[in-house]
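First the structure, in the form of structure tokens, and then the observations on it.
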There are 2 protein chains.
Amino acid sequence: MEMAGEDQETEQRILDAAHAVFVRRGTEGARMQEIAEEAGVNKALLHYYFRSKDKLAEAVFQRAGRRLFPSVIATLLSDLTLEEKVRRVVDIELDNLSASPFLPGYVLCEINHHPERVAQLAGALAGQPVEGFGRGIAAGLQAQIDAQVAAGTLRPIAAEQFMANLLSLCLFPFAAQPMLRAVMGWGPEGFERFTAERKRTLADFFLNALRP
Amino acid sequence: MEMAGEDQETEQRILDAAHAVFVRRGTEGARMQEIAEEAGVNKALLHYYFRSKDKLAEAVFQRAGRRLFPSVIATLLSDLTLEEKVRRVVDIELDNLSASPFLPGYVLCEINHHPERVAQLAGALAGQPVEGFGRGIAAGLQAQIDAQVAAGTLRPIAAEQFMANLLSLCLFPFAAQPMLRAVMGWGPEGFERFTAERKRTLADFFLNALRP
DNA sequence: GTCTATATTGTGATAGAC
DNA sequence: GTCTATCACAATATAGAC
């Protein structure tokens, strides 16, 4: 039913613009007007494609979630060794986030004020209901951990703590980036140096913590 | 110039109410109406005491910051040993945050969308300009780290990474609490069990990571 | 200090031409 | 599909009585 072939491209432009504006203003602080300007289209078009601001916010959040989580999940569910998983997650996350440093802050804010959206998100990630999603990951990790502990090559740790620690160390500095910048008196290059150093040292820091 | 002696108490009630509403709705999502209801006063009174929503948000943020940061800063600046500092920060933060689990999420959101407020905040913390504030802390820590590294009792680490790691591990799980709840399929008691376990194990995890 | 009533602006959303 | 014009309401803020 489309004529110009512009429709999909326009929808993408709107999504990109909405993403940018939502990230910098927050979902509630964002204005449809600003999104329209950023996309180079009229306000009314946003409603044509996404009915309401809430629906648009939902779509943007889903897309952001699909960019932030799946690679970590896939890595943790893979059959790599624990050490390889840790190195891989750190590498992937720090690379991804260097490219979009404000994603964690946006996702955290959104989750805090709209926890109901997490359910639909996890569903979108693997077609699974969210309730037990992390549990499956934790169960697999725990088995791997227990095996290495029995072999004497790992300190005991609960899989939930393992995951929380790993994600904390990867995500938090980005989520708190503006605070770090201000408190440490960094310019833009300061945070980048910090992140580069982090790429070199974080996996070793984490693995050393688990050494028996 | 006050008559009823109610004024200070009312101002506090408004601050408390605003805090509660800002935390659960976010600054932009919060409505003056809801704050007034929560405080049990009229909308107009909020303007009488705080002129504008923005000023009110500023006041709430300052107060939250004064509750979140000073104890950590004081501990890191003290002359305790590194190990004592780590144990102390973990204990204090995890206890404080158990009592107000949504504070980190609120502060992170606010900082992301209003980075300019961090400046005034740090000023309020110690009467110092914010620019070099964290640098002083980092410098002191670095000296302590270098000494222990030279003595062969510590793995080398940059003080900035040290601080980032410590704060990440303490704060992130609270900031990401709604996500953890959903993904791990926890009820309210699930997160509390997780936090209790964390109080027991986090300091050791961190210290072990720095073992040479 | 606290309230009621009102002003004023901003903002999401729709109708309808092209 | 895209725009212009407009509606309807929500929300901050103020004026003024008590």
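In what follows, every chain begins at residue 1, and chains take the letters A, B, ... in the order their sequences are listed.
With distances taken from any side-chain atom of A/L45 to the nucleotides D/dT2, C/dT2, C/dC3, the minimum falls on D/dT2.
Side-chain N/O atoms of B/Q12 and B/Q8 include no donor and acceptor closer than 3.5 Å. Of the N and O atoms on the side chains of A/Q142 and A/D146, at least one donor lies less than 3.5 Å from an acceptor on the other residue.
Put simply, the side chain of B/K85 gets close to the backbone of B/L76: a donor and an acceptor are under 3.5 Å apart.
One atom, CD of B/E28, and another, P of C/dT11, lie 11 Å apart when rounded to the nearest Å. Between A/R13 atom CZ and D/dG1 atom C1' the separation is 12 Å, expressed in whole Å. Atoms CD (A/Q33) and P (C/dA13) sit 14 Å apart, rounded to a whole Å. One interatomic measurement links the two molecules: CD of B/E37 to P of C/dT2, which rounds to 17 Å at whole-angstrom precision. Here the P atom of nucleotide D/dT12 and the NZ atom of B/K55 are 15 Å apart, to the nearest Å. D/dA10 atom P lies 15 Å from atom CD of B/E34, rounded to whole Å. The separation between A/F50 atom CZ and D/dT2 atom P is 12 Å, rounded to whole Å. In this structure, CD of A/Q12 is placed 14 Å from P of D/dG1, rounded to the nearest angstrom.
At the phosphate of D/dT12, OP1 or OP2 sits under 4.0 Å from a side-chain N or O atom of B/R31. A sub-4.0 Å separation between OP1 or OP2 of D/dC3 and a side-chain N or O of A/Y48 is absent.
Atom CZ of A/R88 is surrounded by 12 or fewer heavy atoms from other residues, nucleotides or ligands within 6.0 Å.
You'll find the ring centres of B/F162 and B/F206 inside the 6.0 Å limit.
Residue B/A36 is classed as having no contact, given no heavy-atom separation below 4.0 Å to the nucleic acid.
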Summarise how protein sits on nucleotides 13-18 of chain D as a single string, 5' to 3': B when a protein heavy atom is under 4.0 Å from the base, S for sugar-phosphate-only contact, - for no contact.
BB----
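Residues A/L171 and A/P104 share a closest heavy-atom pair of O-CB, 4.1 Å.
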With side chain to side chain contact (heavy atoms under 4.5 Å, CB included) as the criterion, how do A/E38 and A/R24 come out once you've worked through the C-alpha distance, each side chain's angles and the decisive distance to 0.1 Å?
CA-CA 12 Å; A/E38 181 109 4; A/R24 83 165 157 265; 2.8 Å; yes
